[in-house]
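Below is one structure; the comments refer to it alone.
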Protein chains: 2
Amino acid sequence: MNQRQTTKKQEIESREATLLETASRILLAEGFAALSMERLADELNTAKGTIYNHFPNREEVLLAIAVKAINKRQSLFDIASLAQRPSRERMMAVMVACEIYVTHYPHYFHVESLVRHAAIWERCTEARRALLQKQEERCMGLVSSIVRGGVANGDLRLPQEISPEEMTLSLWALTYGSYLINASSPSLEEIGIKSVHRSVRLGCMCVLDGYHWQPIWTNEQRNHLFREICRDVFPDEPAPVDFHLLP
Amino acid sequence: MNQRQTTKKQEIESREATLLETASRILLAEGFAALSMERLADELNTAKGTIYNHFPNREEVLLAIAVKAINKRQSLFDIASLAQRPSRERMMAVMVACEIYVTHYPHYFHVESLVRHAAIWERCTEARRALLQKQEERCMGLVSSIVRGGVANGDLRLPQEISPEEMTLSLWALTYGSYLINASSPSLEEIGIKSVHRSVRLGCMCVLDGYHWQPIWTNEQRNHLFREICRDVFPDEPAPVDFHLLP
DNA sequence: TAAAAAATCTGACGTGGCGTCAGATAATAG
DNA sequence: CTATTATCTGACGCCACGTCAGATTTTTTA
């Protein structure tokens, strides 16, 4: 009896997981427009009403995927910030984490940005939105902690008027902005940008150097460390394509 | 006869303008969801079919607004890059242009980012998309030209491996990314970011300083120049709120 | 100026997806 | 084995999209 009870609950729970996987697959293969509740119900061999038992509307399904996405991102950031390395290398590990995320989980990145649009955001429940916000803040917090760590042990002397959070925002904006622009302007390469990844790396390095975060590396050192971090800090993730920082 | 001909054509043309104004108004006041073709037809006292004579679908109306938006942005960039000032000040003028754009034409900024999403982008005609792309590239080009100018007269010595376009991308990504994050995370201020404008200014300055673009300014000089540029280069635009760069 | 031709406008119509809900079915309790 | 509760179902009402045959207006032609 008790066994059956859990069996039923498990069935419902596992359906939710399958549902999100199916939705992700459709989204990745055919885009947002193709993701209809009818379609989802069909593919899951269930009725539309059942889907609505799990999510109050279509947008909320998206948000649920976005939550999975940010959890993945957070786990990558966690690994990066726990690396036993000097502060600046930990920061580089976060950069590597971003690159892995964007390269190997592009649909996650896509959903994360999609879900931020008012048309979608506004239709979601406060509860799930809070979930996303909290994780977002936690990700930012992890990066800010690395900055704080750098300040604490003297690798970095942040100007009085700049908080660690503001430095984090700069780096995140640079990264996020670059990948968004890249996603929507396929012609970037035609106008002199060889690789977005390369640009993001150079841009972030410039900001870190700009604030004199020690040690300042040569290009050779950067490349070497980049590969080392891919290998040692993220042994379980396939390494992102290694565009050389040097030409 | 000829007079009448032009009269009719003018009517159609002016309708298109009214249409876009009405659409902008709805969009600004009630968001994308509220912008339906029915609604547009109603407000213009015309039939739905007539709207479809102008635009093949709803998304294309958005894109048309985005084209107006980017034209505005381009005109601001034009003014900035034509200023009779040292290269680095011209670059700061572009930063001011961005701030004016985001502050005083927020709906334009919003539409520009909205239109980039695949769900909308894909449904638009190639012709109009090309229009937007071209203007986008022109805006990037204006900024790259300022970088080139700085290199040409020795204010800036760009590292071998970095093209002017890559530097432009960094600055643009930092700006665009920051404002997007700000738009979708109203809680930024709670986590230590006093003002996005301030963060963007500091971030861009850090990049410019990072590449040693001369002259390097003190905070006082930055603030002073910022106000001067608002006043002298953009006398026709209301100045953006002047958050001090210093605390 | 009047009739014919062309351009433009119109709104009813077909379509498709959203979200609901009364009734059917299955699970659990007594 | 029956009653109660939980879950599932799919037909339904609704709304907005985009179309198109026919009405209306404008332009051309004679």
Side-chain angles (χ1 to χ4, degrees), chain A residues 1-19 22-23 26-27 30-64 114-115 117-125 128, chain B residues 1-19 22-23 26-27 30-64 114-115 117-125 128:
Chain A
M1 205 178 293
N2 196 6
Q3 192 185 1
R4 273 202 159 179
Q5 201 176 37
T6 46
T7 301
K8 182 60 181 174
K9 281 200 180 144
Q10 278 173 354
E11 188 202 318
I12 293 179
E13 232 172 274
S14 86
R15 187 179 33 235
E16 187 147 325
T18 326
L19 197 160
T22 307
I26 296 175
L27 204 61
E30 300 169 57
F32 183 44
L35 181 63
S36 73
M37 295 305 246
E38 257 89 359
R39 172 81 181 274
L40 260 182
D42 268 10
E43 299 226 2
L44 292 166
N45 295 315
T46 184
K48 209 168 24 154
T50 305
I51 311 280
Y52 278 94
N53 279 352
H54 291 271
F55 301 99
N57 57 46
R58 192 162 70 113
E59 286 74 14
E60 191 99 2
V61 177
L62 262 201
L63 185 51
L114 196 56
V115 122
H117 270 277
I120 292 171
W121 188 252
E122 282 162 6
R123 306 211 55 211
C124 293
T125 59
R128 238 197 210 87
Chain B
M1 205 179 295
N2 196 7
Q3 193 185 1
R4 274 201 159 182
Q5 201 176 38
T6 46
T7 299
K8 182 60 183 175
K9 281 201 178 144
Q10 278 173 353
E11 188 201 318
I12 292 180
E13 232 173 274
S14 87
R15 188 181 29 239
E16 187 146 325
T18 326
L19 197 160
T22 307
I26 296 176
L27 204 60
E30 300 171 56
F32 183 42
L35 181 62
S36 73
M37 296 306 246
E38 256 91 359
R39 171 82 180 273
L40 260 182
D42 268 10
E43 299 226 4
L44 292 165
N45 295 316
T46 183
K48 207 165 30 151
T50 304
I51 311 279
Y52 279 94
N53 279 353
H54 291 271
F55 301 98
N57 57 46
R58 192 162 70 113
E59 285 73 16
E60 191 98 3
V61 177
L62 263 200
L63 186 51
L114 197 54
V115 122
H117 269 278
I120 292 172
W121 189 253
E122 283 161 6
R123 305 211 55 211
C124 293
T125 59
R128 240 197 208 87

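When reading the values below, keep in mind they use all heavy atoms of this one structure, side chains included, and skip hydrogens, waters and symmetry mates. Below, read A as the first sequence line, B as the second, and so on, with proteins coming before strands; counting in each chain starts at 1.
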Quiz item: With no hydrogens and no angle check, is any side-chain donor or acceptor of B:Glu16 less than 3.5 Å from a backbone partner on B:His54?
Solution: no
Exercise. Report yes if at least one side-chain N or O of B:Arg15 is closer than 4.0 Å to OP1 or OP2 of C:dC9; otherwise report no.
Key: yes
Exercise. Check side chain to side chain contact (heavy atoms under 4.5 Å, CB included) between A:Ala118 and all other residues, then give those that pass, not counting sequence neighbours.
Key: A:Glu122
Quiz prompt | Any A:Leu44 side-chain heavy atom under 4.5 Å of A:Ile51 side chain | solution = yes
Quiz item: Do A:Cys124 and A:Arg128 have side chains that get closer than 4.5 Å, going by heavy atoms?
Solution: no
Exercise. Let me know the distance between CD of B:Glu13 and C1' of C:dT8, rounded to the nearest Å.
Key: 16 Å
Exercise. Check the pair B:Leu40, B:Arg58 against side-chain contact (heavy atoms from CB on, under 4.5 Å), reporting the backbone distance first and the verdict last.
Key: CA-CA 10 Å; B:Leu40 260 182; B:Arg58 192 162 70 113; over 6 Å; no
Quiz item: Does some side-chain heavy atom of B:Leu63 sit less than 4.5 Å from a side-chain heavy atom of B:Phe55?
Solution: no
Quiz item: Taking CD from B:Glu38 and P from D:dC14, how many angstroms apart are they, rounded to a whole number?
Solution: 16 Å
Practice problem: Using a strict cut-off of less than 4.0 Å between a Lys/Arg side-chain nitrogen and an Asp/Glu carboxylate oxygen, indicate whether B:Lys48 and B:Glu38 qualify as a salt bridge. | Solution: yes
Quiz item: Hey, can you pull the residues of residues 46-61 of chain A with a non-hydrogen atom under 4.0 angstrom from DNA chain C?
Solution: A:Lys48, A:Tyr52, A:Asn57, A:Arg58
Exercise. For B:Gln10 and D:dT26, give me the distance from atom CD to atom P, rounded to whole Å.
Key: 14 Å
Exercise. Using a cut-off of strictly less than 4.0 Å between a heavy atom of the residue and any atom of DNA chain C, enumerate the qualifying residues of residues 117-125 of chain B by number.
Key: none
Quiz item: To the nearest angstrom, how far is B:Leu40 atom CG from D:dA16 atom C1'?
Solution: 13 Å
Practice problem: Can you figure out which of D:dT7, D:dC17, C:dG17 approaches the side chain of A:Ser36 most closely? | Solution: C:dG17
Quiz prompt | B:Asp42 CG to C:dT10 C1', straight-line distance once rounded to whole Å | solution = 13 Å
Quiz item: Shortest non-hydrogen contact from B:Arg123 to B:Glu60?
Solution: O-OE1, 4.4 Å
Quiz item: Quick one: on DNA chain C, does A:Met37 or B:Ile12 contact a more 5' nucleotide (nearest heavy atom)?
Solution: B:Ile12
Practice problem: Heavy atoms only: give me the nearest A:Arg39-A:Ile26 pair and the separation to one decimal. | Solution: CG-CD1, 3.6 Å
